[in-house]
Number of protein chains: 2
Amino acid sequence: MYRLPEDPSQINGNVFHNDCPARFLLSKIASKWSLLTIDALDGRPKRNGELLRQVEGISQKMLTQTLKDLEKMKIVVRVDMKTVPPHVEYHLTFKGKELREKICSLDRWVEDNMLELIVGHSDLSLIS
Amino acid sequence: MYRLPEDPSQINGNVFHNDCPARFLLSKIASKWSLLTIDALDGRPKRNGELLRQVEGISQKMLTQTLKDLEKMKIVVRVDMKTVPPHVEYHLTFKGKELREKICSLDRWVEDNMLELIVGHSDLSLIS
DNA sequence: CCGTATCCTACCAGATACTG
DNA sequence: CAGTATCTGGTAGGATACGG
């Protein structure tokens, strides 16, 4: 549980500070599945099933939870077409698109440098 | 535990793939304390105690663990002056500096947008 | 000053089953 | 199709004590 000061408009973010909301938000944004979900929202809006397939290994539960967190932060918007069968789309907001650039920059860097980064990890075996 | 394909030099990173090493590496790099520790390594090398004070709330255990992980990935280098009392410095490598830019970009964005991101979180109380 | 080594717990997240 | 609900094990990480 985090506490905000009396007048939030006066504080400027500082992730190094224990009680700064930025730290809480960062932990949500930089979580394992959040990073991948935001990355997956490339260009066009995506549906629940699409994301489930694209982000390999994510469970329905974690996808829902992640999307709800992102929605709270106004990073994504949930658009329910109110049809039957259900058709729901998840859109990145303007802020979401801003954020996605930062995240993709990080993700692509890790992918590009993968082989050099992994050398120290002898615990990653080569066996089947 | 993650498994690498027989010939790692042939694979190109893809964080969306379940068994891609990039996903494992990303989880290490984007962990709560890793994000803050790398950010804290600004410009000059830092000592254990400095980092402990700068990254509020981190424990000695987690700092050590985080730095070891980063060292494995050649993101930081541990320089032991072999003096008594001990003097140890942690330096960012070239790759580390590259990575730090991405991370700082993310951290600063979260800080700058903190107040707008937090509105949906009614669970963050204003009381003392 | 810079760490290790243990113990211990809260929470994360996977598995599974059910619903409009 | 797009979720919810519940149970449960594993583990991240805090607290504490000790060591070179």
Side-chain angles (χ1 to χ4, degrees), chain A residues 1-2 15 18-19 23-37 40-41 44-72 76-91 121 123-124, chain B residues 1-2 15 18-19 23-37 40-41 44-72 76-91 121 123-124:
Chain A
M1 190 55 155
Y2 289 72
V15 289
N18 229 332
D19 296 327
R23 186 176 284 191
F24 169 77
L25 294 165
L26 187 62
S27 75
K28 291 281 181 193
I29 288 170
S31 79
K32 176 182 177 182
W33 297 120
S34 184
L35 247 27
L36 299 176
T37 304
L41 258 21
R44 66 185 174 80
K46 297 262 171 93
R47 302 181 61 173
N48 179 80
E50 280 182 282
L51 291 169
L52 220 43
R53 270 173 271 113
Q54 188 172 352
V55 182
E56 279 186 34
I58 198 171
S59 62
Q60 176 62 254
K61 179 190 169 187
M62 288 315 295
L63 179 58
T64 303
Q65 184 177 306
T66 302
L67 287 168
K68 278 187 176 170
D69 281 343
L70 296 176
E71 208 188 347
K72 272 191 182 180
V76 306
V77 176
R78 182 181 186 275
V79 180
D80 189 341
M81 303 303 187
K82 307 279 186 187
T83 58
V84 51
H87 181 136
V88 177
E89 288 181 354
Y90 292 94
H91 298 242
H121 292 83
D123 49 330
L124 265 60
Chain B
M1 189 54 154
Y2 290 71
V15 289
N18 229 334
D19 296 328
R23 186 176 283 191
F24 169 77
L25 294 165
L26 187 61
S27 75
K28 291 281 181 192
I29 288 170
S31 79
K32 176 182 178 181
W33 296 121
S34 185
L35 246 28
L36 299 176
T37 304
L41 260 20
R44 66 185 173 81
K46 295 262 171 96
R47 302 181 62 174
N48 179 79
E50 281 182 282
L51 292 170
L52 220 43
R53 270 172 271 116
Q54 186 173 353
V55 183
E56 278 187 34
I58 199 172
S59 63
Q60 176 62 251
K61 179 188 170 186
M62 288 315 294
L63 179 58
T64 304
Q65 185 177 305
T66 302
L67 287 168
K68 277 186 176 171
D69 282 342
L70 295 176
E71 208 188 347
K72 271 191 183 181
V76 305
V77 176
R78 182 180 186 276
V79 180
D80 190 341
M81 303 304 186
K82 307 279 187 188
T83 58
V84 52
H87 181 138
V88 177
E89 287 181 355
Y90 292 95
H91 298 241
H121 292 83
D123 49 331
L124 266 59

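A, B, ... follow the sequence lines: proteins, then strands. Residue 1 opens every chain.
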Whole-Å distance separating the [atom1] atom of [X] from the [atom2] atom of [N]:
X	N	atom1	atom2	answer
B:K28	D:dT11	NZ	P	12 Å
A:M81	D:dA2	CE	C1'	13 Å
A:K46	D:dC1	NZ	P	16 Å
B:N18	C:dG14	CG	C1'	13 Å
A:K82	D:dA2	NZ	P	14 Å
A:F24	C:dC11	CZ	P	13 Å

- Distance below 4.0 Å between A:R47 side-chain N/O and D:dA2 OP1 or OP2: yes
- Item | A:R78 side chain near D:dG3 phosphate (N/O to OP1/OP2, under 4.0 Å) |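 Looking at the OP1 and OP2 atoms of D:dG3, one of them is under 4.0 Å from a side-chain N or O of A:R78.
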- Task: State the dot-bracket string of DNA chain C. Criteria: Watson-Crick or G-U wobble, both atom distances under 3.5 angstrom; notation: ( ) intrastrand, [ ] crossing earlier pairs, | interstrand, . unpaired.
- Result: |.||||||||||||||||||
- Message: Side chain of B:Y90, heavy atoms from C-beta onward: which of C:dG3, D:dG3, C:dC1 has the nearest atom to it?
- Response: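 My answer, after comparing the listed nucleotides, is C:dG3.
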- Query: Quick one: does B:R47's side chain have a donor or acceptor within less than 3.5 Å of a partner on B:E89's backbone?
  - Reply: no
- Query: Which parts of residues 48-71 of chain A get close to DNA chain C, meaning a heavy atom less than 4.0 angstrom away?
  - Reply: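 Residues of residues 48-71 of chain A that come under 4.0 Å of DNA chain C are, in numerical order, A:S59, A:K61, A:M62.
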